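Each remark here refers to the structure printed beneath this line.
The structure presented is a predicted model; accordingly, all values stated were derived computationally and were not measured. We number each residue from 1, following the sequence as shown.
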Amino acid sequence: MSDAGLFDRLFGAGAHQVRVEGPFVHGEAQQAGRPLAVIGTWNSAAIDGDLALAVAAAVLAVVGADAASGAAPRPIVFIADTSGQQLSRHEELLGINGTFAHLARCVDLARRRGHPLLTLVHGEAVSGGFLAFGLLADRVCALADAQVRVMDLRAMARVTKIDFERLQALAAASPVFAPGAANYWRMGAVDELWAAGDDWAHCLTAALAAASASARDGRAALGETRGGRSLAAPIAALVDDA
């Protein structure tokens with residue numbers, strides 16, 4: 001789907017000024033008469049230091065502008081479409097880990113300043129490129145056909161030294177090993193799946209209301225309820241009690 005097609009379905013034609021500049025998404029929109037900031041990545045972008053800093057700067061600009069004007073903190077809608085971090089020695093030497101940490105801190109600052117945070121996964125959401133901003137939102141939604149994963153099973157086999165066939169069997173039995181938005185929904189990492197035929201504007205309005213009301217991270221409990229993570233919530237409760 002083109003950028004115009006996605007944003008028109010989310011916000012309505014003429015109700016947004018969202019721009020896609022290469023791999024970088026930024027702009028403003030209206031949803032049910034409420035102003036929003038839209039920030040993110042596009043076209044399965046491999047996020048390098050420059051792109052991470054661009055996303056971070058856009059987040060800081062929204063926080064700063066609302067603080068300066070005295071306006072109520074706008075919700076920030078993150079658009080996540082990334083193939084992960086840029087894998088290169090060049091980026092590692094420049095300290096991509098530091099730029100990703102900076103981006104995560106900027107997202108945390110926005111939350112602390114009262115900005116409701118919502119992510120929509122459109123396309124891919126992979127590894128560090130997703131973890132550094134998209135997965136940090138108060139609520140994460142994904143189009144049903146989106147690809148969400150931490151690592152390809154073949155790459156996982158190389159890293160863990162577990163046979164690829166064994167990992168395939170584990171992926172069939174447990175969403176922890178399996179890619180796909182539906183599996184991350186089962187684990188509680190994705191709150192909602194939006195089908196192609198859904199009214200995405202209505203879905204967005206409801207999701208923003210839920211993000212605004214979110215008070216704590218309930219993903220572990222959600223994963224237990226959905227049968228995707230049976231131990232995370234009970235173990236966390238034991239640690240908390242101790």
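Side-chain N/O atoms of Gln85 and Ser127 include a donor and acceptor closer than 3.5 Å.
When hydrophobic clusters are built by joining Ile, Leu, Val, Met, Phe, Trp and Tyr residues whose side-chain heavy atoms come closer than 4.5 Å, directly or via intermediates, Leu167 is not grouped with Val126. Leu208 and Phe133 fall into different hydrophobic clusters, where Ile, Leu, Val, Met, Phe, Trp and Tyr side chains are chained together by heavy-atom contacts under 4.5 Å. Note: the hydrophobic cluster containing Leu87 does not contain Ile96 (ILVMFWY, side chain heavy atoms under 4.5 Å, direct or indirect links).
For Asp108 (side chain) and Ala104 (main-chain N/O), no donor-acceptor pair under 3.5 Å exists by modelled atom type. The backbone N or O of Ala171 lies less than 3.5 Å from no partner atom in the side chain of Ser174, so there is not a single donor-acceptor pair. A donor-acceptor pair under 3.5 Å links the side-chain atoms of Glu91 to the main chain of Gly49, judged by distance alone. The backbone N or O of Ala125 sits nowhere less than 3.5 Å from a side-chain atom of Thr82 that would complete a donor-acceptor pair. Side-chain atoms of Asp199 come within 3.5 Å of backbone atoms of Ala201 as a donor-acceptor pair (strictly under, hydrogens ignored). Distance alone, capped at 3.5 Å, places no donor-acceptor pair between the Asp163 side chain and the Arg166 backbone. With hydrogens and angles disregarded, a donor-acceptor distance shorter than 3.5 Å links the side chain of Thr119 to the backbone of Gly134. Of the possible polar contacts, one joining the Asp81 side chain to the Ser44 backbone as a donor-acceptor pair under 3.5 Å is found. For Asp191 (side chain) and Val140 (main-chain N/O), a donor-acceptor pair under 3.5 Å exists by modelled atom type. Between the side chain of Glu124 and the backbone N or O of Gln147, no donor-acceptor pair lies under 3.5 Å.
Here the closest non-hydrogen pair linking Phe130 and Val148 is CE2-CG1, 4.1 Å. Nearest heavy-atom pair across Arg74 and Pro35 is CG-O, 3.6 Å. Among all heavy-atom pairs drawn from Ala178 and Asn183, the shortest one is CB-ND2, 3.3 Å. The two residues Ala56 and Cys106 have their closest heavy-atom pair at CB-SG, 3.9 Å. Ala13 and Asp8 get closest at one heavy-atom pair: CA-OD1, 3.6 Å. Across Ala142 and Ala181, no two heavy atoms sit closer than the pair CB-CB, 4.1 Å.
For Asp48, there are no salt bridge (Lys or Arg N to Asp or Glu O under 4.0 Å) partners two or more places apart in sequence or in a different chain. Considering only residues two or more places apart in sequence or on other chains, Arg89 meets the side chain to side chain donor-acceptor pair (under 3.5 Å) condition with none of them.
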With side chain to side chain contact (heavy atoms under 4.5 Å, CB included) as the test, would you mind laying out the steps for Ile76 and Leu36 before giving the verdict? CA-CA 6 Å; Ile76 299 175; Leu36 311 173; over 6 Å; no
Checking side chain to side chain contact (heavy atoms under 4.5 Å, CB included) for the pair His115/Asp66: CA distance, chi angles, key distance, verdict? CA-CA 10 Å; His115 295 266; Asp66 287 358; 3.2 Å; yes
I'd like to know whether Thr41 forms a side chain to side chain contact (heavy atoms under 4.5 Å, CB included) with Phe24, so could you lay out the CA-CA distance, the side-chain angles of the two residues, the decisive distance to 0.1 Å, and finally the verdict. CA-CA 5 Å; Thr41 60; Phe24 180 43; 6.0 Å; no
Walk me through it: do Phe11 and Val38 pass the test side chain to side chain contact (heavy atoms under 4.5 Å, CB included)? CA-CA 11 Å; Phe11 309 116; Val38 182; 3.7 Å; yes
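Separation of atoms CG (Leu153) and CZ (Arg158) is listed at 11.0 Å; rounding is to 0.5 Å. Within the model, atoms CD of Gln86 and CD of Glu92 stand 10.0 Å from one another, a figure rounded to the nearest 0.5 Å. Distance check: Glu192 CD to Leu204 CG gives 9.5 Å after rounding to the nearest 0.5 Å. Considering CG of Leu103 and CD1 of Ile47, their distance stands at 7.5 Å, rounded to 0.5 Å. Of the inter-residue distances, the one linking Asp198 atom CG with Cys141 atom SG reads 11.0 Å to the nearest 0.5 angstrom. Asn97 contributes atom CG, which lies 7.0 Å from atom OG1 of Thr99 (distance to the nearest 0.5 angstrom).
Ring planes of Trp200 and Trp194: tilted class, angle from 30 to 60°.
Residues Val25 and Val18 form a side-chain contact, since some pair of their non-hydrogen atoms from C-beta on lies under 4.5 Å apart. Looking at His26 and Arg19, their side chains come closer than 4.5 Å, going by heavy atoms from C-beta outward. Taking the side chain as every heavy atom from C-beta outward, Ile162 and Met156 never approach each other to under 4.5 Å. For the pair Val190 and Val121, the minimum side-chain heavy-atom distance is 4.5 Å or more. Looking at heavy atoms from C-beta onward, Leu143 lies in side-chain contact with Leu120 at the 4.5 angstrom threshold. Contact annotation: the side chain of Ser212 approaches that of Arg34 to within less than 4.5 Å [non-hydrogen atoms, C-beta and beyond]. Counting only heavy atoms from C-beta outward, the side chains of Val107 and Leu117 approach each other to under 4.5 Å. In this structure, the side chains of Val77 and Gln31 stay at 4.5 Å or more apart for every pair of heavy atoms.
Between His102 and Phe100, the ring center distance fails the sub-6.0 Å criterion. Separation of the Phe78 and Trp42 ring centroids does not fall under the 6.0 Å cut-off.
For Arg226, the CZ atom is densely surrounded, since the number of other residues' heavy atoms within 6.0 Å is greater than 12.
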